[in-house]
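For reference, the structure discussed in these notes is given below.
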Amino acid sequence: MILQLALGIVTAIGGFIDVGAIATTALAGALFGYQLVWAVLVGTLCVILLTEMCGRLAAVSHHTLADAVRERLGIRYFAVPLFLEVVVDTMVLAAEIGGVAIALHLATGIDYRVFVIPAALALWSVLWFGNFSVVENGVAFLGLVAVSFVFGMWEMRPEWGDVARAAIPSLPSRDAAQYWFLAISIVGSVLQPFLLNFYASGAVEEKWKIKDLWMNRTVAVFGMSFGSLIAVGILVLAAVVIGPRGMHVDSFEQAVFTLVAPFGEWGLSLFVASLAVACFGAGADLSLNLAYLVSQGFGWNWSENLKPHEDARFALVYSFAILLAAAVVMFADPLKLTMVTMALNGAVAPFIVFPLLIVMNDKAYLRDQTNGLLTNVLTSVVILIAFVIAIVAIPLEVLGG
Amino acid sequence: MVDPLPLVRDVLDKQIYDVNDAKVGKVDGIVLLPRKGRPPRVLAIESDIPCALGRVWRPLRRCAERLQEWIAPEIAGPTTIGFEHVVKSGIDVQVGIDAKRTNAFVWDAWLGHIVALIPGGKGRGEKGE
């Protein structure tokens with residue numbers, strides 16, 4: 001039981017850290033010091049609340065979020081989040097494949113485009129030949145290398161009092177548009193809509209039942225909190241190492257210094273491994289989620305534990321998604337793509353969170369496990385935050401992106 | 001007196017499972033038979049992507065139908081299950097027939113033949129072994 005719990009927490013950490021979390025927090029730390037720590041915490045609280053609900057939905061009803069939204073609100077509503085999520089997830093997938101390629105570029109010095117096709121092929125192979133356990137646990141365990149950001153933060157001895165004070169939101173003294181753009185990008189990188197349906201689909205794949213609800217809560221709280229600690233580690237390291245040198249994180253080369261300062265020559269290897277594994281793991285999750293979303297939306301047979309010929313439509317969706325994403329990243333700068341897509345993540349969120357609130361109060365799905373008053377109030381606050389982000393994301397993208 | 005069945009709430013858009021608990025598709029459409037001077041009779045439920053897309057935006061239906069006919073005209077067409085086979089409805093719809101005897105899995109089978117040609121697409125044992 002403890003092993004299962006540890007596995008769940010490690011997996012949640014793996015799902016939390018990706019190219020978006022690394023890029024947005026490194027940029028935020030370099031430009032605004034510790035000031036945007038609060039944005040990581042806001043995103044984390046939102047994602048804990050929402051993933052717990054998705055896990056509860058799956059454990060009690062054996063339905064995923066996509067299933068329930070289509071069934072409860074009909075195809076006319078479902079078509080909106082389906083379309084938005086397919087577009088945004090494919091762009092984020094492109095950014096993740098780009099992240100793996102950039103990591104290999106940092107290790108070898110060869111142009112990142114050379115590595116895009118091999119990275120995409122490796123990703124596809126893991127999904128095609130592996131099962132859910134290989135994808136989730138295998139990649140997630142390798143992703144623990146990202147804990148080096150936390151050790152690095154400890155090693156650099158930041159002003160802990162200042163870090164703690166940054167947990168309270170504050171107004172910027174300069175570059176307001178860029179500050180708020182980074183704030184919503186950080187929240188968007190943490191509160192990625194794909195995580196919600198992927199988490200619920202994973203719970204169905206692993207056949208969670210009502211007796212597993214305690215595990216769902218523990219994994220959602222501790223897994224996401226540990227993931228958040230890594231994100232704070234990156235932000236603090238960028239604030240301590242990159243900001244004072246007057247450098248800007250306009251490519252991943254500058255972000256490498258976050259680990260070179262505390263670990264010396266090992267820093268580059270640790271950064272390359274962290275970036276590559278985090279992006280690879282998130283890429284696998286995103287590809288699978290695209291296949292889950294479409295298959296569940298149309299009621300097809302789906303499971304990563306089935307051989308591809310047994311659920312051919314499911315397997316072909318993730319195959320095409322990877323192919324398309326690889327083509328996109330060949331022509332777009334991965335860092336710019338990441339920053340754009342993280343803000344868009346926030347913009348898509350309300351279309352997914354709002355129906356979740358409706359489903360979580362439906363006794364037909366949740367029986368006696370429907371949301372309580374406090375959870376409903378908190379979810380309404382998350383929806384409000386998501387709506388504000390959706391409205392300001394595009395203008396801020398133009399002004400401060 | 002038989003209990004009324006709210007078709008839109010308890011049938012439309014729900015997941016269909018057959019007698020073997022296999023996923024057949026979603027209820028994308030409900031076929032009604034209009035009757036003079038009497039309420040329409042429910043004939044069948046339909047699982048069909050063009051039908052689903054047509055409910056979102058009518059022109060999408062024709063586009064999806066053309067695409068299906070272009071890819072594999074011999075298998076294009078909706079899966080229709082007589083309403084008398086609907087055993088249970090609620091958050092899912094259970095039908096009392098084996099879906100293998102309908103055309104529900106023709107696209108999975110057709111694509112499965114292509115997928116099986118790719119290494120790892122088919123084979124013995126559990127996936128990931």
Side-chain angles (χ1 to χ4, degrees), chain A residues 57 60-64 66-80 82-83 124-138 294-317 319 359 362-367, chain B residues 8-18 20-29 45-57 60-61 64 79 89-93 99 104-129:
Chain A
L57 169 70
V60 177
S61 71
H62 310 298
H63 284 65
T64 65
D67 273 330
V69 173
R70 164 83 202 263
E71 291 158 9
R72 186 68 174 71
L73 298 173
I75 186 75
R76 279 188 184 166
Y77 182 85
F78 177 72
V80 178
L82 175 70
F83 173 76
W124 175 81
S125 301
V126 167
L127 300 183
W128 192 264
F129 294 102
N131 55 25
F132 189 76
S133 167
V134 169
V135 173
E136 268 309 276
N137 305 333
V294 176
S295 303
Q296 291 158 4
F298 291 109
W300 302 340
N301 206 17
W302 61 269
S303 173
E304 175 56 6
N305 293 323
L306 292 175
K307 293 250 166 135
H309 82 103
E310 293 173 297
D311 53 359
R313 290 180 284 194
F314 173 81
L316 286 175
V317 172
S319 303
V359 171
D362 190 335
K363 282 191 183 301
Y365 285 90
L366 274 297
R367 288 180 266 171
Chain B
V8 173
R9 194 193 70 188
D10 284 353
V11 179
L12 193 61
D13 288 307
K14 302 294 182 275
Q15 178 73 46
I16 310 169
Y17 287 96
D18 76 353
N20 303 312
D21 274 336
K23 290 187 185 82
V24 180
K26 295 277 191 209
V27 181
D28 297 315
I45 52 174
E46 248 184 24
S47 183
D48 181 40
I49 291 180
C51 175
L53 295 179
R55 285 171 53 212
V56 178
W57 190 43
L60 282 178
R61 179 180 190 133
T79 299
S89 65
I91 58 171
D92 297 316
V93 167
F105 303 128
V106 286
W107 281 102
D108 250 342
W110 190 82
L111 293 167
H113 286 304
I114 298 168
V115 163
L117 299 174
I118 303 168
K122 203 177 175 179
R124 291 178 184 179
E126 295 289 314
K127 195 184 179 203
E129 277 181 350

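Below, read A as the first sequence line, B as the second, and so on, with proteins coming before strands; counting in each chain starts at 1. We use all heavy atoms of the structure for the numbers below, so side chains are in, but hydrogens, waters and symmetry mates are not.
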Inset, instruction - Identify which part of B:Leu53 has an atom lying under 4.5 Å from any heavy atom of chain A, answering side chain, backbone, both or neither. - result: side chain
Legend entry - Which portion of B:Val8 sits near chain A, non-hydrogen atoms under 4.5 angstrom: neither
Minimum heavy-atom separation for [X] and [Y], please, with both atom names.
| X | Y | value |
| --- | --- | --- |
| B:Lys26 | A:Asp67 | NZ-OD1, 3.1 Å |
| B:Gly112 | A:Ala312 | N-CB, 3.6 Å |
| A:Pro308 | B:Gly120 | CD-O, 3.6 Å |
| A:Ile75 | B:Ala52 | CG1-O, 3.8 Å |
| A:Arg313 | B:Trp107 | NH1-CB, 3.9 Å |

Inset, instruction - Using a cut-off of under 4.5 Å on heavy-atom pairs, state which of B:Lys23, B:Lys14, B:Arg9 scores highest against chain A. - result: B:Lys23
Legend entry - Top contributor to chain A contacts, counting heavy-atom pairs under 4.5 Å, from B:Ile91, B:Leu12, B:Val56: B:Ile91
Atom group of [X] that falls short of 4.5 Å from chain B, counting heavy atoms:
| X | answer |
| --- | --- |
| A:Asn301 | both |
| A:Leu316 | side chain |
| A:Ala315 | neither |
| A:Leu306 | backbone |
| A:Leu127 | backbone |
| A:Gln296 | backbone |

Legend entry - Leading residue by heavy atom contact count with chain B [cutoff under 4.5 Å; candidates A:Phe78, A:Phe132, A:Trp302, A:Tyr77]: A:Trp302
Inset, instruction - For A:Arg70 and B:Asp28, run salt bridge (charged side-chain N to carboxylate O under 4.0 Å, His left out): C-alpha distance rounded to whole Å, both residues' side-chain angles, the deciding distance at 0.1 Å, then the answer. - result: CA-CA 11 Å; A:Arg70 164 83 202 263; B:Asp28 297 315; 2.7 Å; yes
Legend entry - Approximate separation, where rounding is to 0.5 Å, of B:Leu111 CG and A:Trp300 CH2: 8.5 Å
Legend entry - Rounded distance [0.5 Å steps], CZ in B:Arg55 versus CZ in A:Arg76: 7.5 Å
Legend entry - Heavy-atom donor-acceptor pair, B:Asp108 side chain to A:Asp311 backbone, under 3.5 Å: no
Inset, instruction - Please examine the side chains of B:Val115 and A:Trp128, heavy atoms only from C-beta on, and report whether any two atoms are closer than 4.5 Å. - result: yes
Legend entry - Sole residue of B:Val27, B:Asp10, B:Asp92 in side-chain contact (heavy atoms from CB on, under 4.5 Å) with A:Glu71: B:Asp92
